[in-house]
Number of protein chains: 2
Amino acid sequence: MGKTDTKESIIKNGARLVHSKGYNNTGLSDILNAAGVPKGSFYFYFKSKDDFGLSLLDYYWEFIQGMINRYCSDISMTPLQRLENFMDGYQNLFSKMGFNGGCPIGNLMQEMSDLNEDFRAKVGDIYSQMKKRIEQLLEEAHEKGDIPDFSDIDSMAQFILNSWEGSIMHMKLAKSDEPLKLFKHVVFKQLLKKL
Amino acid sequence: MGKTDTKESIIKNGARLVHSKGYNNTGLSDILNAAGVPKGSFYFYFKSKDDFGLSLLDYYWEFIQGMINRYCSDISMTPLQRLENFMDGYQNLFSKMGFNGGCPIGNLMQEMSDLNEDFRAKVGDIYSQMKKRIEQLLEEAHEKGDIPDFSDIDSMAQFILNSWEGSIMHMKLAKSDEPLKLFKHVVFKQLLKKL
């Protein structure tokens, strides 16, 4: 493998393992075995396991941005349709994964916020950007008159994101897409519905 | 220490450590050191670490039930006031803990649902009971005419619980009670508000 391939293989295999087992529960040796690279190679690319963990966050966030671009960019659809399509896209993905894994950002938020300030800062930055994207869609919907007059669109976007994360957590427990369907029903048919 | 004291000390210390560090990230030796008991004593009370972990769930659930009884039993208050008091009670508790730890049931739901079916079943059972308690309060509120006519109170209770868990997760990240305040605002002033 070339240098770029090796680093990519470590990150891809690490991302998969951490997503399914948790960060602290995934040993460096698990990752090296899965990637098929010797320990020395790891330290050529990463200063430490935490340095690698922070790179994983970039990898996960890049994937999420891909989903956002795929589902939220088509301006021939209404902003709310785009938001719902994005959530449907994730629902399909989760379903294909047997409802295992859940949201890698939510997982690391839960696991690392009390343990490592670098993780907390980086997860916080990504979470803000996720919220910002929902906020932009709600603002567009508001300008078009598609949603009620909320005094604070920023807060509503944050509530929706937090509820979405909680629903994904319940999905992991229930091994079913019912919590996501329920989330969409309450958010789109009640909370954002114009009276 | 007597036998009961020893078992209680292992569980209390274990509960504190797992709440702050995570289950897989807490070693048996950490727990034994904190409880000040030799390894042999541990295996006198528990068959394995997982057997101990399942006992922790009973311990956490007992604590939550205490909070429910404390805040949700006073029928001189409206059902919605009782639900809000319960959430205020937790907000105070979380604030005193520096917004660390979060919900121990939510944490184990996130961490263990993909890894251990016994944990998943037990967390699922506790989570159902938490939902049931919210559902009972909403049903009471509905009978009194205090909330809108939802077609499905059971689902609304589930959505509220999932959103609450997601908000606690964000609280852990933000180290602030803003996500909980936002949750209460949207749930009590918008979602459950009678028009």
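The shown structure was predicted, so the numbers you read here are calculated from the model rather than taken from an experiment. Protein chains get the first letters and strands the later ones, always in sequence-line order, with residue 1 at the start of each.
Within residues 57-80 of chain B, no residue has any heavy atom less than 4.5 Å from a heavy atom of chain A. Annotation: residues 110-117 of chain B contacts chain A through B:Gln110, B:Ser113, B:Asp114, B:Leu115 [non-hydrogen atoms, separation under 4.5 Å]. The contact list for residues 87-109 of chain A toward chain B, using heavy atoms and a distance under 4.5 Å, reads A:Phe99, A:Asn100, A:Gly101, A:Gly106, A:Asn107, A:Met109 by residue number.
Looking at B:Phe150, only its side chain comes within 4.5 Å of chain A, counting heavy atoms on both sides. Using a 4.5 Å cut-off between heavy atoms, A:Ala121 does not touch chain B at all. Contact of B:Ser155 with chain A is made through backbone and side chain together, with heavy-atom distances under 4.5 Å. Proximity to chain A (any heavy atom under 4.5 Å) is restricted, for B:Tyr127, to the side chain, taken from C-beta onward.
Here the shortest heavy-atom pairing between A:Leu182 and B:Phe159 reads CD2-N, 3.7 Å.
When each of B:Lys21, B:Lys175, B:Glu165 is checked for heavy-atom pairs under 4.5 Å with chain A, B:Lys175 comes out on top. Taking A:Gly22, A:Gly166, A:Gly124 one by one and counting their heavy-atom pairs under 4.5 Å with chain B, the maximum is reached by A:Gly166. Ranked by heavy-atom pairs under 4.5 Å with chain A, the list B:Leu173, B:Asn24, B:Asn25 is led by B:Leu173.
The closest side-chain heavy-atom distance from B:Lys172 to A:Arg120 is not below 4.5 Å. No side-chain heavy atom of B:Asn162 sits under 4.5 Å from any side-chain heavy atom of A:Phe183. Between B:His170 and A:Gln158 the shortest side-chain heavy-atom distance falls below 4.5 Å.
Contacts of A:Pro38 classified as side chain to side chain contact (heavy atoms under 4.5 Å, CB included), with partners at least two apart in sequence or in another chain: A:Ser41.
Within 6.0 Å of the CZ atom in B:Phe44, the count of heavy atoms belonging to other residues, nucleotides or ligands does not exceed 12.
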